[in-house]
Amino acid sequence: MRENDNLKVLFVSVEVAPFAKTGGLADVAGSLPKSLVSMGHDVRIAMPRFQQINTDMKYITDFPVIINNRKETCIVREGEIGFKHDNEDKSVPVYFLDNYHLYDRENIYCYLDDADRFAFLCKAALEMLPKIGFQPDIIHCNDWHTGPLCMLLNEKYKEYPFYKNMKTIFTIHNLEYQGNFSKDVIGLFNVGEDVFIPEKVEFYGTFSFMKAGLVYSDIINTVSETYVKEIQTPQYGEKLEGLLKKRSKDLYGIVNGIDYDVFNPKEDPRIVKNYDVNSIELKKENKFALQKEMGLPVKDMPMIGLISRLSSQKGLNLLMDEIDEIMKNDIQFVLLGAGDEYYETGFKKFREKYPKKMGVYTGFNAPLAQRIYAASDLFLMPSRFEPCGLGQLFSLRYGTIPIVRSTGGLADTVFDVENDSKNGNGFTYTEFSSKDMLKTINRALKFYQTKPSEWKELVKRAMNIDNSWDKSAIKYLELYNKLIKKKR
Ligand code: ADP
């Protein structure tokens, strides 16, 4: 394979927007392949066919997959993500791997047999390839669910000529979720017991899907340059920092982009009033509409938005500590989130306490998320850690100014306007502390209220920033080319 030849890539992910999403992984898996296809490469996606997926698809083939000495059938159906590039119709083929018993369920995760469900994905994705006649140069695995695919390829499949030259890249979207199971899950893979050693997949007495990806992939990358450095330290390494340091020569960071066609305030059909950098005054109409929708008083006052998985990663405990203080300001706060019961009930209680100032929606609601990005003036991300973070990129695109704790991708994409009045695009703080968060929120509100013309400039600058996939997809291509030349 020569450099710059058209590459063949199989992209394997459990979440892919618009088909199945709980967080940023879906956004990346649904948009990076589009950019690579636009650049002329043959990139195809494989994912489970969950109950919620009802897009157009056609039957391709079926075959048995042995899981725990039991035969499960994998039915492969093909759909696509269609898009326009330079006015031409393009598409990314998507192979939906269907198994009624494992995937015909309401949710994507959190079942007792998740090890079986994602072992099936890894095996089926590999077994499918000769049957559909697709021989990729690269298999691009994403997060813990796909870690064992790298192990299977190296421990078993490379014996066969069809798989011999395939290379793997494993992208860490979040190191905290590792898929650590009891030792007996080895039985799912029909590999020798000798993989269960600390140099391979054993992780403190468990079989770790994440570790399988980190040990067996040819190249590892994660979704920002700062997170690459952070995960090699005990504070962020989730006990895998030693292994990551050992593999530091094969470890890269590429910041995510977002899909500028889908997330475009000028054309987004999900928002009430479209606007662009030349008609920023129309953005307000979205605020008024959201106020009505959420039962808040309709008036022009600063609105802070927050859209997040409700998990301890997101620094929401700091927010709860300071909500009474934040509410002393003349503002409205709108929160959309799903996840831990503790936060869902906690925020609903705050909604009752501040009915005229707080809007809270618990659950997953993608169109509402768009309306909040468009309506808010400020967007809060007080994260404990953040591999990349996409919320700040969507809000910048919609002229909504982020307030973030500088960590991971937030540190790489948001710069404090009071440190750099020419290039700044948000408000940042460093310590994971509720006092610093509060100070920064108050600083941002003061800026909004006292410097209207600078604020307008700030919003314009935010909307003009290019966080599309263009730059990052080129970096992925460079990495793919490096990978192809790499000997292991
Ligand atoms: P993470 O991947 O850790 O969840 P990111 O900031 O990378 O965080 O991505 C979160 C994505 O999920 C964004 O697209 C955000 O808009 C979306 N999102 C999060 N929670 C919800 C929700 N409750 N409803 C709709 N979209 C949500």
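All values reported here derive from a predicted model rather than from experimental measurement. Counting starts at 1 for both ligands and their atoms, in listed order.
At least one side-chain heavy atom of K482 sits less than 4.5 Å from a side-chain heavy atom of Y252.
Annotation: cation-pi geometry not satisfied between R49 and F19 (NZ/CZ under 6.0 angstrom from ring centroid, within 45° of ring axis). In this structure, R397 forms a cation-pi arrangement with Y260, its terminal cationic atom sitting closer than 6.0 Å to the ring centre and no more than 45° off the ring axis.
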Going through the checks in order, is the salt bridge (Lys or Arg N to Asp or Glu O under 4.0 Å) test met by K314 and E386?
CA-CA 8 Å; K314 301 293 182 179; E386 197 61 77; 3.0 Å; yes

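Residue pairs meeting the ring-ring contact (aromatic ring centres under 6.0 Å, His included) criterion with at least one member in residues 403-429, sequence neighbours excluded: F427-F447.
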N or O contacts of ligand 1 with protein under 3.5 Å, please list pair by pair.
residue  : atom   : partner : partner atom : Å
ligand 1 : 2 (O)  : G24     : N            : 2.7
ligand 1 : 3 (O)  : R309    : NH2          : 2.7
ligand 1 : 3 (O)  : K314    : NZ           : 2.8
ligand 1 : 4 (O)  : R309    : NE           : 2.7
ligand 1 : 6 (O)  : L390    : N            : 2.9
ligand 1 : 6 (O)  : G391    : N            : 3.4
ligand 1 : 7 (O)  : L390    : N            : 3.3
ligand 1 : 8 (O)  : K314    : NZ           : 3.2
ligand 1 : 9 (O)  : G24     : N            : 3.2
ligand 1 : 14 (O) : K21     : NZ           : 2.9
ligand 1 : 14 (O) : D27     : OD2          : 2.8
ligand 1 : 16 (O) : Y373    : OH           : 2.7
ligand 1 : 23 (N) : G363    : O            : 2.9
ligand 1 : 24 (N) : N365    : N            : 3.0

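Looking at K283, K287, K456 one by one, the single match for salt bridge (Lys or Arg N to Asp or Glu O under 4.0 Å) with D377 turns out to be K287.
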